[in-house]
Asks: 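Here's a structure for you.
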Number of protein chains: 2
Amino acid sequence: MKGQSTRSHERPHWSIPESTCRICVAFNLNICGVGGGAEARGPQQSGYVVPARHNILREHGLYGVVPFICSGWAATVVMLPDGRRQIISFLLPGDIVSTTLLFDSQPYSRIEAITETHCRTFDRAELRALLYKEPDLLEKFSKTWIGEKRRAEELIVDLGRRTAEERIARLIFNLMDRLTKRGMVRGEPVEIDFPLRQHHIADATGLTPVHVSKVLTEFRRDGLINISNRSLTLLNPAGLKRIAQMR
Amino acid sequence: MKGQSTRSHERPHWSIPESTCRICVAFNLNICGVGGGAEARGPQQSGYVVPARHNILREHGLYGVVPFICSGWAATVVMLPDGRRQIISFLLPGDIVSTTLLFDSQPYSRIEAITETHCRTFDRAELRALLYKEPDLLEKFSKTWIGEKRRAEELIVDLGRRTAEERIARLIFNLMDRLTKRGMVRGEPVEIDFPLRQHHIADATGLTPVHVSKVLTEFRRDGLINISNRSLTLLNPAGLKRIAQMR
DNA sequence: CGGTGTCTTGAATACCATCAAGTCTTGTGG
DNA sequence: CCACAAGACTTGATGGTATTCAAGACACCG
């Protein structure tokens, strides 16, 4: 609908907290003109907004750009022909939408915006050329790639070998950790904006929405967490952590 | 039963079928001196043998080398404190043992040899330097990266959203496909060496050995496959494929 | 030869799914 | 602003898939 800020001098038409940019890969690669960083180099950029529940990337589309999340939450979703869904990962501000888009124009999975999401894209060919030219960038990029792989493997273990309660508790901690790095947690006890619906949690943990509801009310009954008004409060971190790593 | 004995003459101290080298990443990067390719460049190499059931890599060890599988089967295993195990992937001849070892000296997961395994390692620093220097290599390497990520995501979907029968059928097809690329399938109906124990299948599919046994005998009863003498025959590919992707 | 690892089979059980009904919220168009 | 529809969540009843427990057969190995 709108978007298209032209070149690097101009600030985007939405404002992004500095804490977000500070963890952004694009910012750290020094290729992004937003956030008060140095002058952007190389890749052609453009920004746009995706409304909640719309697709940021379609699974079999062809893309010439590599998008990043500036604000909002999104999910990487795989759909089966019969309607079953699995969420591979949640994307938070500062994340690359799809690292494979750097090397392959066709994504394997769909990316759905959970909240309204602000994106910024970089031209793939230019970005890749820059990466090849500067080992320093590649080094940084490989770090995010390793982190992604690591989280994928942890999810495999969760889905293969952990109970419903463990999976949900671990999901909450993973999100907490990532939001903490972004300066997106508040107060004591710790509280976060929590835009996920229970069906998102279900699709991420391989459970049904009904069972997620039961586990969450159990967590609430035990005074571990509280969820209301799209906001999650961690009342008993130690208790939840025990569930997350034990059996 | 047949094959897999160490004959010692030729260039390395064990012999590797050419078909294996042809799909090997190291061979395609032209950094490996084995297999009749061009003279090896750059990285310091060394080869060794790991007996069945021994570790190729320990999860918290520190390594200065990047190992490849020249022959034999191995598995990437994550262990939980209480003994639960999850296999992330099976490694076949020509595979990199751990791609993250290129950038990080500490692997997240353990690598176990399933059969006797012959490995060849390359010095990490040298290999990485070579990669940074030649965009061509990096391009090829990124392909294996993407493939690895893709398979991890498919496994996530399998574990999160598919039934026991679907998971096992898909595992068999995945192995078949990979072995076909390596020229490691024989005859009609298709047959492969199959060194996996049922507990390997269980750990890879997030099931118990008992249930794997039940599903496999069901597959056998339905004339889909046959397993005997560490060898698997695909009797009804169409029937098994229907199980693998439907429902 | 006992010991260990592997596989099979049956019975009982647990965990989570499915089905269903109802409440409450959110969004939308008149 | 209200009426209505759709989405989100809860709760209980019931069912199915896979686990756990257990026992026995078989092969392989030192």
Side-chain angles (χ1 to χ4, degrees), chain A residues 51-54 73 75 80 82-86 112-116 158-169 171 194-222 225-232 243 247, chain B residues 1 51-54 73 75 80 82-86 112-116 158-169 171 194-222 225-232 243 246-247:
Chain A
R53 301 186 208 191
H54 286 65
W73 290 41
L80 298 186
D82 63 352
R84 286 178 287 182
R85 292 164 52 93
Q86 177 67 43
E112 289 180 8
I114 293 172
T115 66
E116 178 177 282
D158 288 353
L159 296 179
R161 292 301 187 197
R162 291 193 200 266
T163 66
E165 282 143 46
E166 290 174 291
R167 295 183 207 178
I168 293 175
L171 173 60
F194 196 73
L196 299 187
R197 311 283 150 148
Q198 293 187 354
H199 70 82
H200 291 121
I201 301 178
D203 288 338
T205 53
L207 303 168
T208 57
V210 175
H211 199 238
V212 169
S213 169
K214 285 169 182 166
V215 172
L216 285 181
T217 60
E218 177 201 323
F219 282 177
R220 259 187 295 236
R221 188 172 36 69
D222 297 347
I225 61 170
N226 189 38
I227 302 182
S228 57
N229 282 328
R230 308 283 154 226
S231 165
L232 185 153
I243 293 176
R247 157 158 178 122
Chain B
M1 291 304 254
R53 302 188 209 185
H54 285 66
W73 290 42
L80 298 186
D82 64 352
R84 287 177 287 181
R85 293 164 51 94
Q86 177 66 42
E112 288 179 9
I114 293 171
T115 65
E116 179 178 281
D158 288 352
L159 296 179
R161 292 302 186 196
R162 292 194 200 264
T163 65
E165 283 144 44
E166 290 175 290
R167 294 184 208 178
I168 293 176
L171 172 61
F194 196 73
L196 300 186
R197 312 284 149 145
Q198 293 188 353
H199 71 81
H200 290 122
I201 301 179
D203 288 338
T205 53
L207 302 167
T208 57
V210 174
H211 199 239
V212 169
S213 169
K214 284 169 181 166
V215 172
L216 285 181
T217 61
E218 177 201 322
F219 282 177
R220 260 188 294 235
R221 189 173 34 71
D222 297 347
I225 60 170
N226 189 37
I227 302 181
S228 57
N229 280 331
R230 306 288 155 223
S231 164
L232 186 154
I243 293 176
M246 288 228 351
R247 149 111 190 203

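Residue numbers start from 1 in every chain, and the chains themselves are labelled A, B, ... in the order their sequence lines are given, proteins ahead of strands. Please read these numbers as outputs of a predicted model, since none were measured by experiment.
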Asks: In whole angstroms, how far is the P atom of C/dC16 from the CD atom of A/Q198?
Replies: 16 Å
Asks: If I compare all heavy atoms of A/T115 with all of A/W73, which pair ends up nearest, and what's the gap?
Replies: OG1-N, 2.9 Å
Asks: Take the C1' atoms of the five end pairs on each side of the helix from C/dC1-D/dG30 to C/dG30-D/dC1, derive the two axes, and give their angle rounded to 10 degrees.
Replies: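 It comes to 40° between the two terminal axes.
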Asks: Under 4.0 angstrom, heavy atoms only, what part of the nucleic acid is B/R220 near: base, sugar-phosphate, or nothing?
Replies: sugar-phosphate
Asks: Side chain to side chain contact (heavy atoms under 4.5 Å, CB included) for B/H211 and B/V215? Distances and angles first, verdict last.
Replies: CA-CA 6 Å; B/H211 199 239; B/V215 172; 4.0 Å; yes
Asks: How close do A/L159 and A/G206 get, heavy atom to heavy atom, and via which atoms?
Replies: CD2-N, 4.0 Å
Asks: Please report the closest heavy-atom contact between A/A169 and A/I243, naming both atoms and the distance.
Replies: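 Distance-wise, the nearest heavy atoms are CB-CG2, 3.9 Å.
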Asks: Between protein and nucleotides 13-15 of chain D, what N or O pairs are separated by less than 3.5 Å?
Replies:
| unit_1 | atom_1 | unit_2 | atom_2 | d |
| --- | --- | --- | --- | --- |
| D/dA13 | N6 | A/K214 | NZ | 3.4 |

Asks: Among C/dC16, C/dT8, C/dT6, which is the nearest nucleotide to the side chain of B/R197?
Replies: C/dT6
Asks: From CD1 of A/I201 over to P of D/dA8, roughly how many Å is that when rounded to an integer?
Replies: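 The answer, rounded to whole Å, is 13 Å.
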Asks: Please check the phosphate of C/dT6 (OP1 and OP2 only) for any side-chain N or O of B/H199 closer than 4.0 Å.
Replies: yes
Asks: By the 4.0 Å heavy-atom rule, please label A/L216 as base, sugar-phosphate, or nothing.
Replies: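 Contact class for A/L216: none.
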Asks: Is the shortest side-chain heavy-atom distance between A/I225 and A/L216 below 4.5 Å?
Replies: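 Result yes, sub-4.5 Å side-chain heavy-atom pair found.
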Asks: Please state how far atom CG in A/L207 lies from atom C1' in C/dA17, giving the value in whole angstrom units.
Replies: 10 Å
Asks: Sub-3.5 Å donor-acceptor pair from the side chain of A/R230 to the main-chain atoms of A/P195, do we have one?
Replies: no
Asks: Rounded to the Å, how far apart are B/F219 CZ and C/dC7 P?
Replies: 16 Å
Asks: Strictly below 4.0 Å: does B/S213 bring a side-chain N or O up to OP1 or OP2 of C/dC7?
Replies: no
Asks: For a quick test of reading the model, state the closest non-hydrogen atom pair linking B/Q198 to B/S213 and the distance between them.
Replies: OE1-CB, 3.2 Å
Asks: Any idea which heavy atoms bring B/T205 and B/I201 closest together, and the distance?
Replies: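 In this case the closest contact between B/T205 and B/I201 is OG1-O, 2.7 Å.
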Asks: On DNA chain C, does the nearest nucleotide to A/R230 precede the nearest nucleotide to A/E165 from the 5' side, or the other way round? Give the residue.
Replies: A/E165
Asks: Provide the closest heavy-atom pair for A/R84 versus B/T163 in the form atom of the first, atom of the second, distance.
Replies: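 Looking at all heavy atoms of both residues, the closest pair is NH1-N, 4.3 Å.
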Asks: Taking the side chain of B/T208 as heavy atoms from C-beta outward, which of C/dT18, D/dT19, C/dG5 is closest to it?
Replies: D/dT19
